[in-house]
Each structure stands twice: as C-alpha cells, then as structure tokens.
Number of protein chains: 2
Amino acid sequence: MLSFEQFDLQDGSPIYLQIIRHVKQSIVAGSAENGDEMPSRRVLSALLGVNPNTVQKAYRMLEEEGIIESRSGAKSYLVLDAEKVQRIREELLENDVQAIVTALKRMGLSKREAISLVDKLWE
Amino acid sequence: MLSFEQFDLQDGSPIYLQIIRHVKQSIVAGSAENGDEMPSRRVLSALLGVNPNTVQKAYRMLEEEGIIESRSGAKSYLVLDAEKVQRIREELLENDVQAIVTALKRMGLSKREAISLVDKLWE
DNA sequence: TCAACCGTATTATACATATAATACAGTCAC
DNA sequence: GTGACTGTATTATATGTATAATACGGTTGA
C-alpha cells in the first residue's frame, strides 16, 4: 500500500497536483513499486481531510498518465516498468531543479553560493 | 526603471505572484534599488500580454508589503532599505530552496547527489 | 449470499484567478 | 493649460480548484 504518512498539505499549489507529485516522488524514491495498492479514494480523502472529488481528480490524471490502473468496484494499483520510472524521474528532477537553479541565478547567487545553501539546508 | 526583459510567463502559478516574485528576485539580485521607477500598469500589461488588472493586483500587494509606493496619477517607485532587502532575501531563499531540498530528499537523493545535480544543471 | 467496501458520476455552491470593457480624477512635461 | 499618461475603480464573464451531498453499480471476503 502506497504510504501518505510523509505527505503534508501545502498551500499555493492545487491539492490534486500535490497528490500526484507525492505518488511520483514515492515511485522515484523506490518506496512505491509496480503492483502496489493505492489507498481508496474515500480512505485517502479522509486521511488528508480533503474532498473525495479532489482525490478522484488526482487518481484520474494518474490513470491517464498510465501510472495506475483502476477497475470499477476494485482497488487501484500502480502499473510501472523501468521506462516509466525513468521518465518520471527525469520529469521531477530536470523540471523542478532547473526551476530553482534559474531562480537562484536570477537572484545573483554564484554556483558556489547555491551549492553551499543546499548543503546548509539539507539538515 | 525596473526591467522585465528576463521575465518569461510560466504556467502553473498565478501570474500576479510571478510578477511579485520577479520584482523580489530583482531586488535580491541588486538589479533593482531604492527609488527605482516601476513600469506603469498599462505598459507592463502590454509588455507581458496580460490583463491590466492582473498587474494591478501584483502592484497592490507589493504596496501592501511596503515594497513600492504609488500616488494616484504619478508613477510608482521602489521603497527599500537594507532591512527590507534582507527580509526579502530570506523569504526567497529559505522558502524556495527548502522546498526543493525536501522534494529531493523525498525522492531518495543523497546530499551528494543533490549537490551534484545542482552543479550539473547550473550551466 | 450479502454486507462492506470499491470506482465512478452528477449537481450545486463557493472562491481565486484572469480577462474585457470602461470610467474618473490626479500628475507631469510641453 | 492642455494632452498624454498615471493610479484607481467598477461591472461582467469565464475558467480552475475545492467542497458538499448524493447516487449507482461492480468487487470482494466472510
């Protein structure tokens, strides 16, 4: 069962996107694998304290991306292979890290300062 | 005059917040200083291809934060001192970098891998 | 079998964001 | 002073996000 224990709701970004990102991060981290069971829409919405429709929207988009499979009445499962995992890894790393690198550059930081900052904030 | 040449509209985050962030990044980078003139609402909206009301919303929030001053009929100017600049710097760096560090950790990267990634994507 | 789940769908409401079309009065350079 | 530009404000419309309240039929395990 994919865990949402480490998930904490932020504001500033849509909840359904945060749910999708959490699933993808779990996949890239290796804590979620092919065949793993997803929490049901109702259970997850209760756990996160959000509306079932919000979870459904996230799951629907995950299904459209081919990351999960759902059958009416039954549980949903992760459907992954090495190629998908690699694609998700690149999507998360390249996009997100590139965004922050661009922001730091625009603020006038040097590469050395940026690396030092990451080092400091890692703890 | 504060420049928006390097500004490029992204999707995924509200435009008025992107405008605010760009102004703050310019301040932290030192390319915008106390007393600098802001582009007018109309000029900037034309330049960015967005609605004047969207720019107005960004400017209004910048004014509420004490970063710019506006007088009806006249141009708007940056109002900064060392303390404000320092506050903005901390807001941008701590929040944004901490967010990405958390994301990278959740993806199972080590500190060494994260730093190596920043180093690689800096070019 | 059958009750308890499951996925899926619908309708309504509310708020945030963005656009469009105007309008009015203040400032400033000529 | 006058015209061009400024900040400010209003009303309407559209879309995306989130919630609330239901409803229907499929799946599963005891």
Side-chain angles (χ1 to χ4, degrees), chain A residues 1-4 7-24 32 35-80, chain B residues 1-4 7-24 32 34-80 99:
Chain A
M1 170 82 77
L2 199 153
S3 164
F4 276 80
F7 184 89
D8 57 330
L9 224 53
Q10 310 283 342
D11 50 48
S13 143
I15 296 172
Y16 76 96
L17 290 182
Q18 295 183 47
I19 293 171
I20 292 173
R21 195 179 325 119
H22 180 268
V23 172
K24 289 182 175 176
D36 277 2
E37 187 179 305
M38 296 287 291
S40 83
R41 276 85 164 154
R42 287 172 177 82
V43 164
L44 184 56
S45 69
L47 179 66
L48 302 183
V50 303
N51 193 279
N53 290 341
T54 302
V55 177
Q56 164 63 1
K57 180 166 187 175
Y59 277 32
R60 185 180 166 189
M61 295 185 74
L62 284 169
E63 177 134 36
E64 286 171 354
E65 276 199 67
I67 293 174
I68 70 172
E69 271 186 8
S70 306
R71 291 164 33 235
S72 185
K75 296 185 175 171
S76 299
Y77 295 90
L78 287 172
V79 183
L80 298 170
Chain B
M1 170 80 78
L2 199 152
S3 164
F4 276 78
F7 183 90
D8 56 329
L9 224 52
Q10 311 282 343
D11 51 46
S13 143
I15 296 172
Y16 76 96
L17 290 181
Q18 295 184 48
I19 293 171
I20 291 173
R21 196 181 322 120
H22 180 269
V23 173
K24 290 181 175 176
N34 182 50
D36 276 3
E37 187 180 305
M38 296 287 291
S40 85
R41 276 83 165 156
R42 286 172 178 82
V43 164
L44 184 55
S45 69
L47 180 65
L48 303 183
V50 302
N51 193 279
N53 290 341
T54 302
V55 177
Q56 165 63 3
K57 179 166 187 177
Y59 277 32
R60 184 180 165 189
M61 295 185 75
L62 284 169
E63 177 134 37
E64 287 171 354
E65 276 200 67
I67 293 174
I68 70 172
E69 270 186 8
S70 306
R71 291 166 30 238
S72 184
K75 296 184 173 170
S76 299
Y77 295 90
L78 286 171
V79 184
L80 298 169

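We name chains A, B, ... by the order of the sequence lines, and we start the count at 1 in each one.
One finds the CZ atom of A/Phe7 at 9.5 Å from the CG atom of A/Leu47 (value rounded to the nearest 0.5 Å). Between B/Tyr59 atom OH and B/Ile20 atom CD1 the span is 11.0 Å, to the nearest 0.5 Å.
In this structure, NZ of B/Lys75 is placed 10 Å from P of C/dC28, rounded to the nearest angstrom.
A search for salt bridge (Lys or Arg N to Asp or Glu O under 4.0 Å) contacts involving B/Asp8 returns A/Arg106, not counting sequence neighbours. A/Arg60 meets the side-chain contact (heavy atoms from CB on, under 4.5 Å) test with A/Gln56, A/Glu64; sequence neighbours excluded. In this structure, the salt bridge (Lys or Arg N to Asp or Glu O under 4.0 Å) partners of B/Lys75, at least two apart in sequence or on a different chain, are B/Glu37. Listed by chain and number, the residues in a side-chain contact (heavy atoms from CB on, under 4.5 Å) with B/Ser70 are B/Arg41, B/Glu63, B/Ile68, B/Ser76 (sequence neighbours excluded). With sequence neighbours excluded, no residue forms a ring-ring contact (aromatic ring centres under 6.0 Å, His included) with B/Tyr16. Evaluation of the side-chain contact (heavy atoms from CB on, under 4.5 Å) rule for A/Pro52 yields A/Ser45 as partners, not counting sequence neighbours. Partners of B/Asn53 by side-chain contact (heavy atoms from CB on, under 4.5 Å), not counting sequence neighbours, listed by chain and number: B/Asn51. Residues that satisfy the side chain to side chain donor-acceptor pair (under 3.5 Å) test with A/Glu65, not counting sequence neighbours, are A/Lys24.
Within a heavy-atom distance below 4.0 Å of DNA chain C, the residues of residues 65-74 of chain B found are B/Arg71, B/Ser72, B/Gly73, B/Ala74. For the segment residues 36-47 of chain B, residues with any heavy atom less than 4.0 angstrom from an atom of DNA chain C are, sorted by number, B/Arg42.
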Per-nt protein contacts along nucleotides 9-21 of chain D (heavy atom under 4.0 Å; B base, S backbone sugar-phosphate only, - none) come out as -B------SSBBB
Should B/Leu2 and B/His22 be marked as a side-chain contact (heavy atoms from CB on, under 4.5 Å) after you check the CA-CA gap, both sets of side-chain angles, and the distance that decides it?
-> CA-CA 10 Å; B/Leu2 199 152; B/His22 180 269; 4.1 Å; yes
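Terminal axes of the helix from C/dT1-D/dA30 to C/dC30-D/dG1 (five pairs each, C1' rotation axis) are separated by 30°, to the nearest 10°.
A distance-only check finds no donor-acceptor pair linking the side chain of B/Gln18 to the backbone of B/Leu9 [under 3.5 Å].
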